[in-house]
J.: 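Pasting a structure below so you can have a look.
Position 1 is the first residue of the sequence, and the numbers go up from there. Keep in mind that the numbers below use all heavy atoms, side chains included, and drop hydrogens, waters and symmetry copies.
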Amino acid sequence: VYGRPVRQLLPEPADDVDPLEAYGADERPAAGRRPWLMVNMVSSLDGATAVEGRAAGLGGPADRAVFRILRGLADVILVAAGTVRAERYKPHRPTDEMRALRTARGQSPTAPIAVVTGTLALEVDTPFFTEAEARPIVFCPAIADPGRRRALEAVADVVPAGEDRVDLGLVLADLGRRGAQIVLSEGGPSLVGQLVEGGLIDELCLTLSPMMVNGLSPRVAYGAPPADGPARFDLGRALEDDDGYLFFRYVRRPD
Ligand SMILES: NC(=O)c1ccc[n+]([C@@H]2O[C@H](COP(=O)([O-])OP(=O)(O)OC[C@H]3O[C@@H](n4cnc5c(N)ncnc54)[C@H](OP(=O)(O)O)[C@@H]3O)[C@@H](O)[C@H]2O)c1
(Lines give C-alpha, C1' and ligand atoms only; values in the text may rest on other atoms or scores of the structure.)
Protein backbone atom coordinates (compact mmCIF):
# COMPACT_ATOMS: atom_id res chain seq x y z
CA VAL A 1 0.00 0.00 0.00
CA TYR A 2 2.74 2.43 0.95
CA GLY A 3 5.71 1.21 -0.99
CA ARG A 4 5.12 2.61 -4.49
CA PRO A 5 8.70 2.56 -5.78
CA VAL A 6 10.04 5.93 -6.89
CA ARG A 7 13.37 7.13 -8.30
CA GLN A 8 15.77 8.94 -6.02
CA LEU A 9 17.53 11.87 -7.68
CA LEU A 10 19.39 13.16 -4.64
CA PRO A 11 21.49 12.72 -2.51
CA GLU A 12 22.58 9.95 -4.94
CA PRO A 13 20.61 8.49 -7.84
CA ALA A 14 18.85 5.19 -7.14
CA ASP A 15 15.99 3.30 -8.79
CA ASP A 16 13.18 1.55 -6.98
CA VAL A 17 13.40 3.44 -3.71
CA ASP A 18 10.62 2.61 -1.26
CA PRO A 19 9.42 5.93 0.20
CA LEU A 20 8.22 4.16 3.33
CA GLU A 21 11.78 3.04 4.02
CA ALA A 22 13.33 6.35 2.94
CA TYR A 23 11.20 8.61 5.14
CA GLY A 24 11.21 6.04 7.94
CA ALA A 25 15.02 6.01 8.12
CA ASP A 26 15.39 9.80 8.48
CA GLU A 27 16.54 11.17 11.83
CA ARG A 28 14.19 13.55 13.59
CA PRO A 29 15.72 14.44 16.93
CA ALA A 30 13.42 16.35 19.29
CA ALA A 31 15.20 19.35 20.80
CA GLY A 32 14.64 19.01 24.55
CA ARG A 33 10.91 19.10 25.25
CA ARG A 34 10.08 20.71 21.92
CA PRO A 35 9.02 18.12 19.35
CA TRP A 36 10.54 17.88 15.86
CA LEU A 37 8.20 19.77 13.55
CA MET A 38 7.75 18.56 10.00
CA VAL A 39 5.48 20.23 7.47
CA ASN A 40 3.97 18.45 4.48
CA MET A 41 2.54 20.50 1.61
CA VAL A 42 1.86 20.08 -2.10
CA SER A 43 2.31 22.91 -4.60
CA SER A 44 1.59 23.21 -8.32
CA LEU A 45 4.34 24.42 -10.66
CA ASP A 46 2.82 27.89 -10.53
CA GLY A 47 2.71 27.93 -6.73
CA ALA A 48 -0.95 27.07 -6.09
CA THR A 49 -1.93 24.99 -3.08
CA ALA A 50 -5.48 24.14 -4.09
CA VAL A 51 -7.70 23.50 -7.09
CA GLU A 52 -11.29 24.66 -6.55
CA GLY A 53 -10.52 25.15 -2.87
CA ARG A 54 -9.01 21.73 -2.16
CA ALA A 55 -5.51 20.25 -2.33
CA ALA A 56 -6.72 16.90 -3.69
CA GLY A 57 -6.74 18.23 -7.27
CA LEU A 58 -2.95 18.59 -7.12
CA GLY A 59 -2.28 15.06 -5.87
CA GLY A 60 -1.50 11.71 -7.46
CA PRO A 61 -1.03 8.15 -6.20
CA ALA A 62 2.58 8.58 -5.04
CA ASP A 63 1.68 11.89 -3.40
CA ARG A 64 -1.11 10.22 -1.46
CA ALA A 65 1.31 7.44 -0.46
CA VAL A 66 3.86 9.96 0.87
CA PHE A 67 1.04 11.78 2.69
CA ARG A 68 0.10 8.53 4.47
CA ILE A 69 3.73 7.62 5.18
CA LEU A 70 4.38 10.98 6.84
CA ARG A 71 1.20 10.65 8.90
CA GLY A 72 2.45 7.27 9.99
CA LEU A 73 5.60 8.87 11.41
CA ALA A 74 3.77 11.54 13.40
CA ASP A 75 2.94 11.43 17.09
CA VAL A 76 0.47 14.28 16.50
CA ILE A 77 -0.91 15.82 13.29
CA LEU A 78 -1.34 19.60 13.49
CA VAL A 79 -3.70 21.44 11.18
CA ALA A 80 -5.54 24.76 11.04
CA ALA A 81 -9.32 24.95 11.16
CA GLY A 82 -9.66 26.35 7.62
CA THR A 83 -8.12 23.18 6.23
CA VAL A 84 -10.26 20.94 8.47
CA ARG A 85 -13.33 22.64 7.00
CA ALA A 86 -12.12 22.91 3.37
CA GLU A 87 -10.82 19.36 3.18
CA ARG A 88 -13.56 17.82 5.36
CA TYR A 89 -10.93 16.26 7.55
CA LYS A 90 -11.36 12.74 8.87
CA PRO A 91 -9.47 11.13 11.75
CA HIS A 92 -6.16 9.39 11.12
CA ARG A 93 -6.97 5.91 9.72
CA PRO A 94 -3.75 4.00 9.08
CA THR A 95 -3.61 0.51 7.57
CA ASP A 96 -2.93 -2.51 9.76
CA GLU A 97 0.64 -2.49 8.41
CA MET A 98 1.14 1.09 9.54
CA ARG A 99 -0.49 0.45 12.90
CA ALA A 100 1.96 -2.40 13.47
CA LEU A 101 4.91 -0.19 12.50
CA ARG A 102 3.72 2.53 14.85
CA THR A 103 3.17 0.15 17.73
CA ALA A 104 6.64 -1.36 17.19
CA ARG A 105 8.10 2.17 17.44
CA GLY A 106 6.26 2.75 20.71
CA GLN A 107 3.70 5.13 19.16
CA SER A 108 -0.07 4.99 19.54
CA PRO A 109 -1.71 3.06 16.66
CA THR A 110 -3.27 6.28 15.33
CA ALA A 111 -2.08 9.86 15.68
CA PRO A 112 -4.41 12.39 17.30
CA ILE A 113 -5.16 15.44 15.17
CA ALA A 114 -4.71 18.84 16.81
CA VAL A 115 -6.65 21.78 15.33
CA VAL A 116 -5.80 25.47 15.66
CA THR A 117 -8.86 27.73 15.71
CA GLY A 118 -9.90 31.15 16.93
CA THR A 119 -13.66 30.87 16.35
CA LEU A 120 -14.08 27.23 17.49
CA ALA A 121 -16.34 26.91 14.43
CA LEU A 122 -15.95 23.13 14.21
CA GLU A 123 -18.89 20.74 13.96
CA VAL A 124 -18.91 18.30 16.86
CA ASP A 125 -21.11 15.74 15.09
CA THR A 126 -18.78 15.17 12.11
CA PRO A 127 -16.66 12.00 11.66
CA PHE A 128 -13.58 14.08 12.50
CA PHE A 129 -14.76 13.94 16.12
CA THR A 130 -17.26 11.07 16.26
CA GLU A 131 -15.00 8.50 14.57
CA ALA A 132 -11.68 9.52 16.11
CA GLU A 133 -9.77 6.69 17.78
CA ALA A 134 -7.34 9.16 19.30
CA ARG A 135 -9.10 12.08 20.97
CA PRO A 136 -8.61 15.27 18.94
CA ILE A 137 -6.99 18.31 20.53
CA VAL A 138 -8.37 21.79 19.85
CA PHE A 139 -6.08 24.78 20.49
CA CYS A 140 -7.89 28.09 20.89
CA PRO A 141 -7.21 31.53 22.36
CA ALA A 142 -8.21 32.22 25.96
CA ILE A 143 -10.92 34.62 24.73
CA ALA A 144 -12.65 31.93 22.62
CA ASP A 145 -16.42 31.55 22.94
CA PRO A 146 -17.21 29.68 26.22
CA GLY A 147 -20.36 28.02 24.85
CA ARG A 148 -18.60 26.56 21.82
CA ARG A 149 -15.76 25.56 24.06
CA ARG A 150 -18.07 23.54 26.33
CA ALA A 151 -19.63 21.81 23.30
CA LEU A 152 -16.22 20.82 21.94
CA GLU A 153 -14.99 19.62 25.32
CA ALA A 154 -17.39 16.68 24.98
CA VAL A 155 -15.44 15.35 21.98
CA ALA A 156 -11.93 16.82 22.25
CA ASP A 157 -9.28 18.17 24.60
CA VAL A 158 -9.77 21.93 24.32
CA VAL A 159 -6.60 23.79 25.25
CA PRO A 160 -6.23 27.57 25.52
CA ALA A 161 -2.86 28.59 24.06
CA GLY A 162 -2.49 32.36 23.76
CA GLU A 163 -4.64 35.33 24.70
CA ASP A 164 -6.45 36.59 21.58
CA ARG A 165 -4.98 34.17 19.03
CA VAL A 166 -3.23 30.85 19.24
CA ASP A 167 0.53 31.01 19.85
CA LEU A 168 2.16 28.16 17.92
CA GLY A 169 5.15 28.10 20.28
CA LEU A 170 2.77 27.34 23.16
CA VAL A 171 1.07 24.69 21.02
CA LEU A 172 4.34 22.86 20.41
CA ALA A 173 5.30 23.14 24.07
CA ASP A 174 1.94 21.61 25.05
CA LEU A 175 2.35 18.77 22.56
CA GLY A 176 5.86 18.15 23.90
CA ARG A 177 4.46 17.87 27.43
CA ARG A 178 2.01 15.29 26.10
CA GLY A 179 4.98 13.23 24.99
CA ALA A 180 4.97 14.08 21.28
CA GLN A 181 8.41 13.86 19.70
CA ILE A 182 7.37 14.30 16.07
CA VAL A 183 4.61 16.72 15.07
CA LEU A 184 3.45 16.80 11.45
CA SER A 185 1.73 19.94 10.23
CA GLU A 186 -0.43 19.61 7.13
CA GLY A 187 -1.16 23.32 6.83
CA GLY A 188 -2.94 25.22 5.62
CA PRO A 189 -0.84 28.05 4.29
CA SER A 190 -1.78 30.55 7.02
CA LEU A 191 -0.61 28.09 9.68
CA VAL A 192 2.60 27.27 7.81
CA GLY A 193 3.21 31.02 7.54
CA GLN A 194 3.03 31.39 11.30
CA LEU A 195 5.39 28.45 11.74
CA VAL A 196 7.83 30.16 9.35
CA GLU A 197 7.46 33.43 11.22
CA GLY A 198 8.20 31.67 14.52
CA GLY A 199 11.23 29.80 13.13
CA LEU A 200 9.56 26.56 14.22
CA ILE A 201 9.93 24.34 11.14
CA ASP A 202 12.59 21.61 11.30
CA GLU A 203 11.65 19.78 8.09
CA LEU A 204 9.62 20.62 5.01
CA CYS A 205 8.32 17.78 2.84
CA LEU A 206 7.26 19.54 -0.33
CA THR A 207 5.56 17.81 -3.23
CA LEU A 208 5.85 19.60 -6.56
CA SER A 209 2.84 18.67 -8.66
CA PRO A 210 3.50 18.87 -12.43
CA MET A 211 0.54 21.15 -13.14
CA MET A 212 -0.16 24.80 -13.87
CA VAL A 213 -3.53 25.66 -12.37
CA ASN A 214 -3.83 29.45 -12.03
CA GLY A 215 -6.50 30.55 -9.57
CA LEU A 216 -6.06 32.59 -6.43
CA SER A 217 -5.09 29.98 -3.84
CA PRO A 218 -2.29 31.08 -1.52
CA ARG A 219 1.21 29.72 -1.87
CA VAL A 220 2.57 27.17 0.62
CA ALA A 221 3.02 29.80 3.34
CA TYR A 222 2.09 33.43 3.86
CA GLY A 223 2.36 35.86 6.74
CA ALA A 224 4.89 38.13 8.39
CA PRO A 225 8.56 37.57 7.51
CA PRO A 226 10.65 35.82 10.16
CA ALA A 227 12.31 38.31 12.51
CA ASP A 228 15.79 36.94 11.77
CA GLY A 229 15.37 37.02 7.98
CA PRO A 230 14.71 34.12 5.62
CA ALA A 231 15.05 30.68 7.18
CA ARG A 232 17.59 28.51 5.30
CA PHE A 233 16.99 24.85 4.55
CA ASP A 234 19.19 22.11 3.09
CA LEU A 235 17.87 19.69 0.49
CA GLY A 236 18.15 16.27 2.09
CA ARG A 237 16.47 14.20 -0.60
CA ALA A 238 14.62 14.44 -3.91
CA LEU A 239 12.41 11.65 -5.22
CA GLU A 240 10.56 11.44 -8.53
CA ASP A 241 7.65 9.23 -9.55
CA ASP A 242 6.60 8.04 -13.00
CA ASP A 243 4.00 10.82 -13.34
CA GLY A 244 6.57 13.62 -12.92
CA TYR A 245 5.81 14.45 -9.28
CA LEU A 246 8.83 15.53 -7.24
CA PHE A 247 9.12 14.92 -3.51
CA PHE A 248 11.60 17.17 -1.78
CA ARG A 249 12.73 16.77 1.81
CA TYR A 250 14.29 19.93 3.20
CA VAL A 251 15.82 20.14 6.67
CA ARG A 252 16.43 23.39 8.48
CA ARG A 253 20.09 24.41 8.23
CA PRO A 254 21.65 24.46 11.73
CA ASP A 255 22.23 28.00 13.04
N1 LIG B 1 -1.50 22.21 -0.88
C2 LIG B 1 -1.50 21.76 0.35
O3 LIG B 1 -0.63 20.97 0.72
C4 LIG B 1 -2.56 22.22 1.31
C5 LIG B 1 -2.51 21.83 2.64
C6 LIG B 1 -3.50 22.29 3.50
C7 LIG B 1 -4.50 23.12 3.02
N8 LIG B 1 -4.51 23.47 1.73
C9 LIG B 1 -5.55 24.38 1.22
O10 LIG B 1 -5.41 25.63 1.87
C11 LIG B 1 -6.69 26.25 2.05
C12 LIG B 1 -6.85 26.60 3.51
O13 LIG B 1 -5.74 27.35 3.92
P14 LIG B 1 -5.87 28.78 4.65
O15 LIG B 1 -4.50 29.35 4.75
O16 LIG B 1 -6.96 29.53 4.01
O17 LIG B 1 -6.43 28.35 6.05
P18 LIG B 1 -5.81 27.44 7.20
O19 LIG B 1 -4.42 27.86 7.50
O20 LIG B 1 -6.04 26.00 6.93
O21 LIG B 1 -6.82 27.83 8.36
C22 LIG B 1 -7.01 29.17 8.76
C23 LIG B 1 -7.84 29.13 10.01
O24 LIG B 1 -7.12 28.47 11.03
C25 LIG B 1 -7.33 29.11 12.26
N26 LIG B 1 -6.08 29.71 12.70
C27 LIG B 1 -4.88 29.70 12.06
N28 LIG B 1 -3.94 30.27 12.84
C29 LIG B 1 -4.57 30.66 13.97
C30 LIG B 1 -4.12 31.31 15.17
N31 LIG B 1 -2.84 31.66 15.36
N32 LIG B 1 -5.02 31.52 16.15
C33 LIG B 1 -6.31 31.16 15.98
N34 LIG B 1 -6.78 30.54 14.88
C35 LIG B 1 -5.91 30.30 13.90
C36 LIG B 1 -8.42 30.13 12.02
O37 LIG B 1 -9.59 29.35 12.22
P38 LIG B 1 -11.02 29.92 12.66
O39 LIG B 1 -11.56 30.54 11.43
O40 LIG B 1 -11.76 28.69 13.10
O41 LIG B 1 -10.77 30.89 13.75
C42 LIG B 1 -8.21 30.49 10.57
O43 LIG B 1 -9.37 31.00 9.97
C44 LIG B 1 -7.70 25.26 1.54
O45 LIG B 1 -8.04 25.60 0.23
C46 LIG B 1 -6.95 23.93 1.54
O47 LIG B 1 -7.43 23.08 0.54
C48 LIG B 1 -3.57 23.06 0.86
J.: Please name the pair of heavy atoms, one in G118 and one in A144, separated by the smallest distance, quoted to 0.1 Å.
T.: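 Nearest heavy atoms, G118 then A144: O-CB, 4.0 Å.
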J.: With rounding to the nearest 0.5 Å, note down the distance linking CG in N40 to CG in L184.
T.: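 Answer rounded to 0.5 Å: 6.0 Å.
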J.: Looking only at heavy atoms, what is the nearest atom pair of R7 and D242, with distance?
T.: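 Taking every non-hydrogen atom into account, NH1-OD1, 3.2 Å.
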J.: Just by distance, do the side chain of Q181 and the backbone of P29 share a donor-acceptor pair under 3.5 Å?
T.: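 Not confirmed, Q181 side chain does not pair with P29 backbone.
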J.: V116 and L191: side-chain contact (heavy atoms from CB on, under 4.5 Å), yes or no, with the steps?
T.: CA-CA 8 Å; V116 175; L191 181 68; 4.2 Å; yes
J.: Is there a side-chain contact (heavy atoms from CB on, under 4.5 Å) between V115 and F128? Walk through the geometry before answering.
T.: CA-CA 11 Å; V115 188; F128 180 79; 3.5 Å; yes
J.: Flag this pair as yes if the NZ/CZ of R237 is under 6.0 angstrom from the six-membered ring centre of Y23 and inside a 45 degree cone about the axis; otherwise no.
T.: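 Ring-cation test returns yes.
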J.: Consider only side-chain heavy atoms of I, L, V, M, F, W and Y, link residues closer than 4.5 Å, and tell whether L70 and V183 are in one cluster.
T.: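 Looking at the clustering, V183 is in a separate group from L70.
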J.: Any sub-3.5 Å donor-acceptor pair from D75's side-chain atoms to I182's backbone N or O?
T.: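 Confirmed, D75 side chain pairs with I182 backbone.
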J.: Could you list the donor-acceptor pairs under 3.5 angstrom formed by side chains in residues 158-175, with sequence neighbours left out?
T.:
{"from": "D167", "atom 1": "OD1", "to": "G169", "atom 2": "N", "distance (Å)": "2.8"}
{"from": "D167", "atom 1": "OD1", "to": "L170", "atom 2": "N", "distance (Å)": "3.3"}
{"from": "D174", "atom 1": "OD1", "to": "R178", "atom 2": "NE", "distance (Å)": "2.6"}

J.: Given 3.5 Å as the limit, does a donor-acceptor pair link the side chain of S44 with the main chain of M212, or not?
T.: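 No.
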J.: Could you work out, with side chain to side chain contact (heavy atoms under 4.5 Å, CB included) as the rule, every residue matching R150, not counting sequence neighbours?
T.: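 Side chain to side chain contact (heavy atoms under 4.5 Å, CB included) check on R150 returns P146, E153.
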J.: Sequence neighbours excluded, which residues qualify as side chain to side chain donor-acceptor pair (under 3.5 Å) partners of R64?
T.: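 Here no residue qualifies.
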J.: If you round to the nearest 0.5 Å, how far is OG1 of T130 from CD of E123?
T.: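 Rounded to the nearest 0.5 Å, the CD-OG1 separation comes out at 11.5 Å.
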J.: In Å and rounded to the nearest 0.5 Å, what is the CD to CD1 distance from E21 to I69?
T.: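 Those atoms lie 10.0 Å apart.
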J.: Yes or no on side-chain contact (heavy atoms from CB on, under 4.5 Å) for D18 and V6, after CA distance, side-chain angles and deciding distance?
T.: CA-CA 7 Å; D18 179 347; V6 290; over 6 Å; no
J.: Hey, is CD on E52 packed in by over 12 heavy atoms from elsewhere, all under 6.0 Å?
T.: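 Not buried by this count: 12 neighbours or fewer within 6.0 Å.
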J.: Measure across P141 and T117 and return the closest heavy-atom pair with its distance rounded to 0.1 Å.
T.: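 Scanning both residues, the minimum pair turns out to be CD-O, 3.3 Å.
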J.: Please step through side-chain contact (heavy atoms from CB on, under 4.5 Å) for the pair L120 and L152, ending with a clear verdict.
T.: CA-CA 8 Å; L120 292 176; L152 279 164; 3.7 Å; yes
J.: Indicate yes or no for a side-chain donor-acceptor contact from S185 to the backbone of V39 under 3.5 Å, with no hydrogens or angles considered.
T.: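 No: the side chain of S185 does not pair with the backbone of V39.
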J.: Is there a path of hydrophobic side-chain contacts, each under 4.5 Å between heavy atoms of I/L/V/M/F/W/Y residues, joining L246 to L10?
T.: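 Yes, L10 and L246 fall within the same hydrophobic cluster.
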J.: Is it possible for you to say whether V124 and I137 belong to one hydrophobic cluster, with membership spreading through side-chain heavy-atom contacts below 4.5 Å?
T.: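 No, no single cluster joins them.
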J.: Just how far is it from atom CG of L73 to atom CG of D26, taken to the nearest 0.5 Å?
T.: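 Interatomic distance, L73 CG to D26 CG, rounded to 0.5 Å: 8.0 Å.
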J.: Once rounded to the nearest 0.5 Å, what's the spacing between atom CZ of F139 and atom CG of L78?
T.: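 CG of L78 is found 7.5 Å from CZ of F139.
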J.: Give a yes or no on whether the backbone of P94 and the side-chain of R68 come within a donor-acceptor separation of less than 3.5 Å.
T.: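 The answer is no, because no donor-acceptor pair under 3.5 Å joins these two groups.
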J.: Applying the 4.5 Å side-chain criterion to the ILVMFWY set and letting contacts propagate, would V66 and L9 be lumped into a single cluster?
T.: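 Unlinked, V66 and L9 end up in two clusters.
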J.: If you round to the nearest 0.5 Å, how far is CZ of F67 from CE of M41?
T.: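 It comes to 10.5 Å.
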J.: Determine yes or no for a side-chain-to-main-chain donor-acceptor pair under 3.5 angstrom, with R102 supplying the side chain and P109 the backbone.
T.: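 Checked: pair present.
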J.: Could you pull out the closest heavy-atom pair between N214 and D46, with the gap in Å?
T.: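 In this case the closest contact between N214 and D46 is N-OD2, 2.7 Å.
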J.: Please answer: with hydrophobic residues joined when any side-chain heavy atoms are less than 4.5 Å apart, are V155 and L122 in the same cluster?
T.: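 Yes: a chain of side-chain contacts under 4.5 Å links V155 to L122.
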J.: For A74 versus A111, what's the shortest heavy-atom pair and its separation?
T.: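 Residues A74 and A111, closest heavy atoms: O-CB, 3.6 Å.
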J.: Please check: side-chain N/O of Q8 versus main-chain N/O of E12, any donor-acceptor pairing under 3.5 Å?
T.: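 Yes; at least one donor-acceptor contact below 3.5 Å.
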J.: When the side chains of residues 219-234 are checked against the rest of the protein, which donor-acceptor pairs come out under 3.5 Å, sequence neighbours left out?
T.:
{"from": "R219", "atom 1": "NH1", "to": "A221", "atom 2": "O", "distance (Å)": "3.4"}
{"from": "D234", "atom 1": "OD1", "to": "R253", "atom 2": "NE", "distance (Å)": "2.9"}
{"from": "D234", "atom 1": "OD1", "to": "R253", "atom 2": "NH2", "distance (Å)": "2.8"}

J.: Quick test of your reading of the model: are R71 and E186 salt-bridged, counting only N-O distances below 4.0 Å?
T.: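 Answer for the salt bridge query: yes.
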J.: Side-chain atoms of residues 201-209: list all donor-acceptor pairs with protein atoms under 3.5 Å, sequence neighbours left out, distances to 0.1 Å.
T.:
{"from": "D202", "atom 1": "OD1", "to": "R34", "atom 2": "NH2", "distance (Å)": "3.4"}
{"from": "D202", "atom 1": "OD1", "to": "R252", "atom 2": "NH2", "distance (Å)": "3.4"}
{"from": "D202", "atom 1": "OD2", "to": "L37", "atom 2": "N", "distance (Å)": "2.7"}
{"from": "E203", "atom 1": "OE1", "to": "R28", "atom 2": "NE", "distance (Å)": "2.7"}
{"from": "E203", "atom 1": "OE1", "to": "W36", "atom 2": "NE1", "distance (Å)": "2.8"}
{"from": "E203", "atom 1": "OE1", "to": "R249", "atom 2": "NH2", "distance (Å)": "3.3"}
{"from": "E203", "atom 1": "OE2", "to": "R28", "atom 2": "NH2", "distance (Å)": "3.1"}
{"from": "E203", "atom 1": "OE2", "to": "R249", "atom 2": "NE", "distance (Å)": "2.7"}
{"from": "T207", "atom 1": "OG1", "to": "D63", "atom 2": "OD1", "distance (Å)": "3.3"}
{"from": "S209", "atom 1": "OG", "to": "L58", "atom 2": "O", "distance (Å)": "2.7"}

J.: Who pairs with T110 by side chain to side chain donor-acceptor pair (under 3.5 Å), at least two apart in sequence or on another chain?
T.: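 Expected list: none.
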J.: For a quick test of reading the model, state the closest non-hydrogen atom pair linking D241 to Y245 and the distance between them.
T.: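 Here D241 and Y245 meet closest at OD1-N, 2.9 Å.
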J.: With side chains defined as the heavy atoms from C-beta onward, is the minimum distance between P218 and T49 less than 4.5 Å?
T.: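 A side-chain contact under 4.5 Å exists here.
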J.: Could you check whether any side-chain N or O of R135 sits under 3.5 Å from a backbone N or O of A156, counting only pairs where one atom can act as donor and the other as acceptor?
T.: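 Yes; at least one donor-acceptor contact below 3.5 Å.
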